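Reckoned from all heavy atoms, side chains included, excluding hydrogens, waters and symmetry mates. The structure presented is a predicted model; accordingly, all values stated were derived computationally and were not measured. Protein chains get the first letters and strands the later ones, always in sequence-line order, with residue 1 at the start of each.
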There are 2 protein chains.
Amino acid sequence: MFSKACEYGIRASVYIALQSMEGRRVSVNEIAEEIDSPIAFTAKILQQLSRSNIIHSVKGPTGGFEIERENMESVKLNMIVKAIDGDDIYKGCGLGLKECNADKPCPLHDKFVDIRSDLSKMLRNTSLYELAMGLEVGLTYLKR
Amino acid sequence: MFSKACEYGIRASVYIALQSMEGRRVSVNEIAEEIDSPIAFTAKILQQLSRSNIIHSVKGPTGGFEIERENMESVKLNMIVKAIDGDDIYKGCGLGLKECNADKPCPLHDKFVDIRSDLSKMLRNTSLYELAMGLEVGLTYLKR
DNA sequence: CGTTAATCGGACAATTTTATCCGAAATAGG
DNA sequence: CCTATTTCGGATAAAATTGTCCGATTAACG
Ligand code: FES
Ligand code: FES
């Protein structure tokens, strides 16, 4: 469904959001530890999210990553997915035709766009804040 | 969403079904031409589907691929996807946790399983026959 | 029986994705 | 100013996916 990079990116963002709620800034090492991901690869993804203004990074000692309180609610999953995986999942044909277009649809088009639009809607409506809350109350987990 | 192999596999299967409705057996070359896919790679995928008893192959001159009339209705997309991509898409965690399990869910679990089960249901309920029919009446296309 | 046309199967190659390494730049704190 | 700690950015490596090649096998047909 999502690329590994995107999965790590979402998990990392949720963890950063959780810690930012308590004013803590976190390092790549801590993030990778807490979400069980490869450190250097995670660092690359965080750079990408930082450049996309989804998370905020601070260099030097006491530096690390954080998410502004306001962004915690306004940043939705669809932004993270788009920043990392592009918009293939929102626009692409389920059977791999070069373009998905109702004027010349693939055999699966009608059924596929239903699913795709549900997924898209779900990602658009899900904020980091919401996901971080589930974590905070101990209902959900970022590794197992 | 699906791998390239799976996309080609579905497109090929639908084309074979369409031709089998008229009693025509088709070669890899014709299939690859009609669905716009790499020939040798497509051949590999067809072998896989043949071994999974989803399509039927015949060697030698006048040989090729076909789908028995009965199978055309009983073969659903979920079988093709499972044969090629495995069941990650049916069982895997959306955020990449090692296992998807409601007892220790990831932050996205509840929302993700909804989408996943809709997708799963759609694939389970869609037959090759149904898709081939859309093609036959000129409503849908396998390449663009 | 020999030729020809087709799939089968294994080895190989190219590309993309995932992952690692390391030096550079920034900055807090002594 | 100096040192230590952190992200940044580019090069590189490993693994997985995608794609190619070719000889073996099968079978139709003259
Ligand atoms: S054309 Fe295939 S999903 Fe729209
Ligand atoms: S645990 Fe992540 S989707 Fe179920």
Side-chain angles (χ1 to χ4, degrees), chain A residues 1-13 16 19-20 24-33 35-67 81 83-86 88-89 92 95-96 98, chain B residues 1-13 16 19-20 24-33 35-67 81 83-86 88-89 92 95-96 98:
Chain A
M1 183 77 73
F2 307 123
S3 68
K4 279 287 170 202
C6 193
E7 291 174 354
Y8 296 149
I10 295 174
R11 301 222 303 271
S13 298
I16 296 169
Q19 295 303 320
S20 288
R24 288 193 64 229
R25 197 181 278 161
V26 288
S27 71
V28 178
N29 287 277
E30 178 180 339
I31 294 170
E33 168 67 27
I35 71 173
D36 191 22
S37 66
I39 300 180
F41 190 43
T42 304
K44 275 288 183 312
I45 298 160
L46 292 174
Q47 274 181 55
Q48 225 180 317
L49 292 176
S50 176
R51 278 193 293 260
S52 304
N53 297 310
I54 289 171
I55 61 180
H56 182 237
S57 74
V58 178
K59 282 185 177 180
T62 79
F65 296 89
E66 63 195 357
I67 297 182
V81 172
I84 299 177
D85 281 353
D88 223 58
I89 208 169
L95 297 189
K98 295 194 182 71
Chain B
M1 183 75 73
F2 306 123
S3 68
K4 279 288 169 203
C6 194
E7 292 173 354
Y8 296 148
I10 295 174
R11 303 223 301 271
S13 297
I16 296 169
Q19 296 304 320
S20 289
R24 289 192 63 232
R25 197 180 279 161
V26 288
S27 70
V28 178
N29 287 277
E30 177 179 340
I31 294 169
E33 169 67 27
I35 71 174
D36 190 23
S37 67
I39 300 180
F41 191 41
T42 304
K44 276 287 184 311
I45 297 159
L46 292 174
Q47 275 181 53
Q48 225 181 318
L49 292 176
S50 176
R51 278 193 293 261
S52 304
N53 298 308
I54 288 171
I55 64 181
H56 183 234
S57 73
V58 178
K59 281 186 177 180
T62 79
F65 296 89
E66 64 194 358
I67 297 182
V81 173
I84 299 177
D85 281 353
D88 222 59
I89 208 169
L95 296 189
K98 295 195 182 72

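Side-chain contact between B/F2 and B/I89 is present, with heavy atoms from C-beta onward closer than 4.5 Å. Residues A/L46 and A/S50 are not in side-chain contact: their nearest non-hydrogen atoms beyond the backbone lie 4.5 Å or more apart.
B/E7 places its CD atom 14 Å from the P atom of D/dT17, with the value rounded to the nearest Å. Between the P atom of D/dT18 and the CD1 atom of B/I45 lies a distance of 8 Å, rounded to the nearest Å. A straight line from NZ of B/K44 to P of C/dC8 spans 10 Å, rounded to a whole angstrom. A/N29 places its CG atom 13 Å from the P atom of C/dT20, with the value rounded to the nearest Å. Taking atom CZ of residue A/F65 and atom C1' of nucleotide C/dT27, one finds them 15 Å apart after rounding to whole Å.
The closest donor-acceptor contact from the side chain of B/S52 to the backbone of B/Q48 lies under 3.5 Å. Distance alone, capped at 3.5 Å, is enough to place a donor-acceptor pair between the B/D85 side chain and the B/S3 backbone. Checked by atom type and distance alone, the side chain of B/S13 pairs as donor or acceptor with a backbone atom of B/G9 at under 3.5 Å.
Residues A/I39 and A/T62 each lie close to DNA chain C; by heavy-atom proximity, the contact nearer the 5' end of the strand is made by A/I39.
The ring-ring contact (aromatic ring centres under 6.0 Å, His included) test applied to B/F65 returns no partner, not counting sequence neighbours.
Of the inter-residue distances, the one linking A/I16 atom CD1 with A/I31 atom CD1 reads 4.0 Å to the nearest 0.5 angstrom. Remark: B/I35 CD1 to B/E30 CD distance equals 11.0 Å, nearest 0.5 Å.
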Contacts under 3.5 Å, N or O only, protein and nucleotides 16-18 of chain C:
residue : atom : partner : partner atom : Å
C/dT18  : OP1  : A/K4    : N            : 3.0

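Listed by residue number, B/K59, B/G60, B/P61 are the residues of residues 46-61 of chain B with a heavy-atom contact under 4.0 Å to DNA chain D.
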